[in-house]
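Written below as structure tokens is the structure these notes are about.
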Amino acid sequence: MKAIGIVGSPRKNGNVDKLVQTVLDGARDAGFQITKYYLNEMEYSGCQACGFCKSHDHCQLDDDVSKLLRDMAEADAVIFGSPIYFCLFTGQFKLMEDRMYSLIDAGFNTRLRPGKKAIIVTSQGNPEMEAVEKAATDFAGILKFLGFSVTEIIRMTNGGAPDAVLERTDLLDKARSAGLALERSG
Ligand SMILES: Cc1cc2nc3c(=O)[nH]c(=O)nc-3n(C[C@H](O)[C@H](O)[C@H](O)COP(=O)(O)O)c2cc1C
């Protein structure tokens, strides 16, 4: 079993990174082989809308996200993490998300095999969770369209300081449990 984590924050070891890592630690303890991607350290372009992926089963671009997408296709579980920037996921994350268009065929059916699990991790400065809930909820809809079963959404609030999540043992516990549960959650 394979689980990959994707960190869409430029802050390495920030709140999203720590929560994604905690989910991955749980997954590793449940028997998964784990890998983590830092989007901010990768070189990649946004979708070029060339349509190549509708006549072929992959994206025409060959860059760091191409490798990530191949890994995503193989993985049993994917942990998608991004902070909230201006009420949305980061630009780094959105460029990757648009490239996931290549996971859909010309008939708008997913190319991913069934049974994949996904967990979404977000962090925001705003203390009110409801203020920017939409980004994760909308992304969960995209993941369901792609055939993922979204087993958990973990939302950090008041995350201005990069290590604020260390005070949120409830969220760290939730992240670890979500990782451990990946094996059995359906
Ligand atoms: C460019 C930028 C835009 C942001 N926009 C928002 C926002 O719209 N709402 C919010 O609650 N926090 C916003 N924040 C705060 C981050 O979401 C918050 O610090 C988050 O916890 C960062 O996660 P990280 O520690 O994983 O990097 C913004 C931060 C930056 C740098």
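In what follows, residues are counted from 1 in the order of the sequence shown. Any value given below was found using the heavy atoms of this structure, including those in side chains, with hydrogens, waters and symmetry copies removed. Order of appearance sets the numbers: ligands from 1, and atoms from 1 within every ligand.
- Ion pairing of Asp163 with Lys18 is absent here, as no side-chain N (NZ or NE/NH1/NH2) approaches a carboxylate O to less than 4.0 Å.
- A salt bridge does not link Lys67 to Asp62: none of the charged side-chain nitrogens sits closer than 4.0 Å to a carboxylate oxygen.
- Checked by atom type, the side-chain pair Tyr38/Asp17 shows a donor-acceptor distance below 3.5 Å.
- For ligand 1, residues of the protein lying within 4.0 angstrom by heavy-atom distance are Ser9, Arg11, Gly14, Asn15, Val16, Pro83, Ile84, Tyr85, Phe86, Cys87, Ser123, Gln124, Gly125, Asn126, Gly159, Gly160.
- Under a 4.0 Å N-O distance rule, the pair Asp76/Arg113 qualifies as a salt bridge.
- With salt bridges taken as basic N to acidic carboxylate O contacts below 4.0 Å, one links Arg28 and Asp25.
- Arg155 and Ser123 share no donor-acceptor pair across their side chains, judged by distance under 3.5 Å alone.
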